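Sequence lines set the chain letters: A, B, ... in the order given, protein chains first and strands last, and positions in each chain run from 1. Nothing here was measured: the structure is a model prediction, and the numbers come from that model.
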Amino acid sequence: MEYNHLSIEQKWQKFWADHQTFKTETASDKPKYYVLDMFPYPSGAGLHVGHPLGYIASDIFSRYKRLKGFNVLHPMGYDSFGLPAEQYAIQTGQHPAITTEANINRYREQMDNIGFSYDWSREIRTSEPEYYHWTQWIFMKLFDAWYNKTSDKAETIQALIQHFESQGSAGIQAEADDDIREFTAAEWKDFSEKEQQEELLKYRLAYLRESTVNWCAALGTVLANDEVINGVSERGGFPVEQKKMMQWSMRITAYADRLLRGLETIDWPEPLVEMQRNWIGKSVGASVKFPVPQLNSEIEVFTTRLDTIFGVSFVVLAPEHELVDALTTADQKAQVEAYIDKTSKKSELDRMADTKTVSGAFTGSYAKHPITGEDVQIWIADYVLASYGTGAVMAVPSGDQRDYVFAKHFGLPIIAISDTQDISEAADPNKDGKYINSDFINGMTYQEAVPALVERLESLKLGKAKVNFRMRDAIFGRQRYWGEPVPVYFKEGLPYLIKEEELPLLLPEVDKYLPTESGEPPLGRAEDWKYQDEYEYELSTMPGWAGSSWYWFRYMDPKNKTQFASSEAVDYWKAVDLYIGGSEHATGHLLYSRFWNKFLKDIGYHNEEEPFKKLINQGMIQGRSNFVYRILDAEGRGTNKFVSLGLKNEYPTIPLHVDVNIVHNDVLDLEKFKSFRPDFANAEFILENGKYICGTEVEKMSKSKFNVVNPDDIISQYGADTLRLYEMFLGPLEQAKPWNTNGIEGVYKFLRKVWRLFHDAEGNFLVSDDEPSKAEYKALHKIIKKVEEDIERFSFNTSVSAFMICANELTDLKCNKRKILQDLIICLEPYAPHITEELWSLLGNEPGTISYAPYPVFNPEYLVESEFAYPVSINGKMRMNLPLALDLDQKAVEAILMENQDVQKYLDGKPVKKIIFVKGKIINIVI
RNA sequence: GCCUAGGUGGUGGAACUGGUAGACACGCAGGACUUAAAAUCCUGUUCCUGUUAAAGGAGUGCGGGUUCGAUUCCCGCCCUAGGUACCA
């Protein structure tokens, strides 16, 4: 029988499903291992060959770990709330749940074709009420929590209230809004219900606050910072503007330092760690207040270079700064207003693009230098950002290039503050010298000056050491339909949680998926949708990242009706051991997930500080487009003649995308091309060597470029095992690479070769029980070792090569020994599960058990080299084969060298200076 | 600009802690089997010199360095990809 991938793969996929071969139990004597894929958003386009790359890698790893005796949790589900389904619903009126369901079914079918070992009984969908019940529940816990800086963790609001009742606000160190009040216990008790709730809202981790948000009018919703790329929306590329709105936010900034510290404890790719670090953006410095006596106020600035404070020659405010109005003098009013007007018209994009032009305006007012008390001019300029720090900076032209350029442009003083500074051409930020022109720190070094300054400012109550973060709190509401409803209703304008037993708060039906006429979100259309028929529910829904910020817990216990997951399940599975997914989630999903994980730990639901111990970013698989070259006539119009790539420079041509599925090894199938488009039916070709060669280019995979390759097509032609092996063979997992079907034949040939090892020339199954030869054992043990090493370091491509070598060796040896072949297919099972299952049962084993067979034990004895001759270099250059035994000491070797005629020829009569041994072998002789 | 990763034949890539660079595969060329095709198998394939061969030389982006020996380590530069940006 020939290798028939279609029947084999269908047979075993059905077997695994029928017998629940990969169902995972939570209790087990085996050690646990949790392998997770980033679950997909089920889009309408289905999967292309790029999508399963990471899934195949994680499946190989899971299967390998099972062979190694681990109880493996390897689940899959769908992140099924999201914008595209809703956009589609707006266009067609079809309920997003229906399109989502259809897309999921298609995804499932495509995934099933690849033969993954997922435990599908644990499937989850974030848009199902049984799931979002617990997303809402976590929201309630966040609403009911505040961050205690003293204990450095989140605690319940109830504990905070108790503190307020007994001691007032005294002794509370919290990560909270800036405008929290100070009060005694008695005052707290005198507060009205409304006042108390308003005050508590300033502490909650999920809170409602008027804040500047990214508003995307085209999508009709606000977006989080990570959903805005270069001033346009990540989804759809629509313009985004800044707008003040009442919005739900998550106090992720409370966790900034722990999120940063945690990065050092996890095994993640360096670029990704770096991205999170930059996103959090910790800067250590000081906050300094510049008094403004005329307003009885002060300007607070943040600086990382407190030591340069005597170089301050002016202060700059962002144009949006709240004190600008009050500071502007009558003389300067026209100028300042004109400047504000000009900058407010600039879009975010313009402002980013234009970093060269120096612009600003003098307010006419002066602040006092906190230490010298001298007058310092106050300017406004748009190089100072309202959203970072305090929206104001102390300008030190001698130390900061932007300040330097600004001072030069407006003729402001530039004061050198260090004896090593060269400020003739540009600012010089070095901190190597001793200070000059710097009052009481003159002559000090940087290390001496900073503490002295902090102490002085603290005594003046005009400054203190401070750590600043770039990260902002995350906006948590979306004015959209297809998301989790927020389990909150409003009473007297203040938010209250519904009761836990009223969860889940179901997404109501609406007639249209558009905002209401009065501009409320789509949920405003829901009829009779009121809490206790009286109170208005929150009309925003949760953002896309809500459901994905805790989903790995739900897989541990997906059917639980009373908890998000039982404590037994959480205690057993703990955290994800291996997480595979794309790097595009670096500052979104992966940060929010770490945040929610830490929060759930703080309030006592588990003990793991980090959710994903090891993370691998699979590289994106890009498309590889093929082109034909259409010849142009004299007027530059396209003719129906096409010229092959090698001859295209002899004609005026225009390249046209051609469907990659009618091109094989860059050779165009002329007949298929003629039926590709009706107007090509009579196409003529100029060939080279009788072939039409297509041009190529690497682009994103998309329908319009005709470069989408569907895994189903590959599978029907070559099989799922070939697809799996080939995706790995394509190159290192983490590297981005274009999909190219050209090399797939080689992998397919390999599988047929494996099949033939078990069959005789007539195709009958024939395996011998004879004792294998040394050479056969050697071939086997090489692969046992190699696969183990490769999988442990995620180098899947190199083991595919090793398998090919092994199959070639065994073919050459005409090996059909059971002892060899049985172990070989166990090693191969993670990569090619279908063919190995088939051969496993042909060998007489119980079907379905290969996945849990013990991985063969490597025996190094089979790999011991027996040859006496091996290559040696002289002075690292010339090579010869030395007839030497191993385990000789230097003297013995030298004696042999001197006596051996062949060797002397190489040595050219010169004495041996040194012999270099590596692992008991001579590698090099120095003469 | 800054941060991170990378640069190896016609192509994808291998070489794990410095030790025979180009494994393995594709492609290409030639051959065997076959009436033929498919399938399978064999041989060659970094470049240059050399009629073949023997043999020699060069060679891992470029220029230096360390070393008996460098794709690997160090310094400087060029290029590509990803991220990020008036972050005070």
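- For Lys785(A), the salt bridge (Lys or Arg N to Asp or Glu O under 4.0 Å) test picks out Glu789(A), with sequence neighbours left out.
- Side-chain N/O atoms of Gln735(A) include none lying less than 4.0 angstrom from OP1 or OP2 on G12(B).
- Rounded to an integer number of Å, the gap from CD of Glu697(A) to P of U11(B) is 17 Å.
- Between Leu730(A) and Thr390(A), the residue anchored nearer the 5' end of RNA chain B, judged by the nucleotide with its closest heavy atom, is Leu730(A).
- With contacts defined as side-chain heavy-atom distances shorter than 4.5 Å, the pair Phe758(A)/Asn816(A) does not qualify.
- Separation of atoms CG (Asn797(A)) and CG (Asp790(A)) is listed at 8.0 Å; rounding is to 0.5 Å.
- The OH atom of Tyr388(A) sits 12 Å away from the C1' atom of C86(B) (whole-angstrom rounding).
- Look at Arg624(A) and Glu699(A) and you find no salt bridge, because none of the NZ, NE, NH1 or NH2 atoms lies under 4.0 Å from a carboxylate O.
- A perpendicular orientation is assigned to the rings of Phe796(A) and Phe794(A), their planes being inclined by more than 60° (bins at 30° and 60°).
- Atom name C1', nucleotides G7(B) and G13(B): the rounded distance is 14 Å, in whole Å.
- Atom pair His585(A):NE2 and G83(B):C1' shows a separation of 15 Å (rounding to whole Å applied).
- Using a 4.0 Å heavy-atom criterion, one finds that Arg752(A) contacts the sugar-phosphate atoms exclusively.
- Between the CZ atom of Phe310(A) and the CD1 atom of Ile417(A) there is a distance of 10.0 Å, given to the nearest 0.5 Å.
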Bracket string, RNA chain B, 5' to 3' - pairs by Watson-Crick or G-U geometry under 3.5 Å, | interstrand: (((((((..(((......[....)))((((((.......))))))((((.....))))..(((((..]....))))))))))))....
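- Using a 4.5 Å cut-off on side-chain heavy atoms (C-beta onward), Gln622(A) and Trp739(A) make no contact.
- Checked by atom type and distance alone, the side chain of Asp403(A) pairs as donor or acceptor with a backbone atom of Val396(A) at under 3.5 Å.
- Between Lys786(A) and Arg470(A), the residue anchored nearer the 5' end of RNA chain B, judged by the nucleotide with its closest heavy atom, is Lys786(A).
- When rounded to the nearest whole Å, the span between CG of Asn740(A) and C1' of C26(B) equals 9 Å.
- With sequence neighbours left out, Asn214(A) forms a side chain to side chain donor-acceptor pair (under 3.5 Å) with Asn225(A), Gln242(A).
- C87(B) atom C1' lies 9 Å from atom CZ of Phe302(A), rounded to whole Å.
- Contact annotation for Asn278(A): no contact, since no heavy-atom pair falls under 4.0 Å across all strands.
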Detail all sub-3.5 Å separations between protein N/O atoms and N/O atoms belonging to nucleotides 22-25 of chain B.
{"unit_1": "A23(B)", "atom_1": "N1", "unit_2": "Ser801(A)", "atom_2": "OG", "d": "3.4"}
{"unit_1": "A25(B)", "atom_1": "OP1", "unit_2": "Asn808(A)", "atom_2": "ND2", "d": "3.3"}

Take nucleotides 5-10 of chain B nucleotide by nucleotide from the 5' end and write B, S or -, depending on whether a protein heavy atom sits under 4.0 Å from the base, only from the sugar-phosphate, or from neither. ------
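- Distance CZ (Arg624(A)) to P (G12(B)): 9 Å, rounded to an integer number of Å.
- Of the residues in residues 393-409 of chain A, those lying under 4.0 Å from RNA chain B by heavy-atom distance are Val393(A), Arg402(A).
- In this entry the distance linking CZ of Phe803(A) with C1' of A14(B) reads 17 Å, nearest Å.
- A donor-acceptor pair is defined here as one N or O able to donate and one able to accept, closer than 3.5 Å; such a pair exists between the side chain of Thr390(A) and the backbone of Glu300(A).
- We find that CZ of Phe314(A) is positioned 12 Å from C1' of A88(B), with the value rounded to whole Å.
- Expressed to the nearest 0.5 Å, how far CG of Leu813(A) lies from OG1 of Thr811(A) amounts to 8.5 Å.
- Between His5(A) and Tyr748(A), the ring planes are perpendicular. Angles over 60° get that label, and only those under 30° would be called parallel.
- Heavy atoms of Pro269(A) sit nowhere under 4.0 angstrom from any nucleic acid atom.
- A salt bridge between Lys282(A) and Asp257(A) is present, with a side-chain N of the basic residue lying under 4.0 Å from a carboxylate O of the acidic one.
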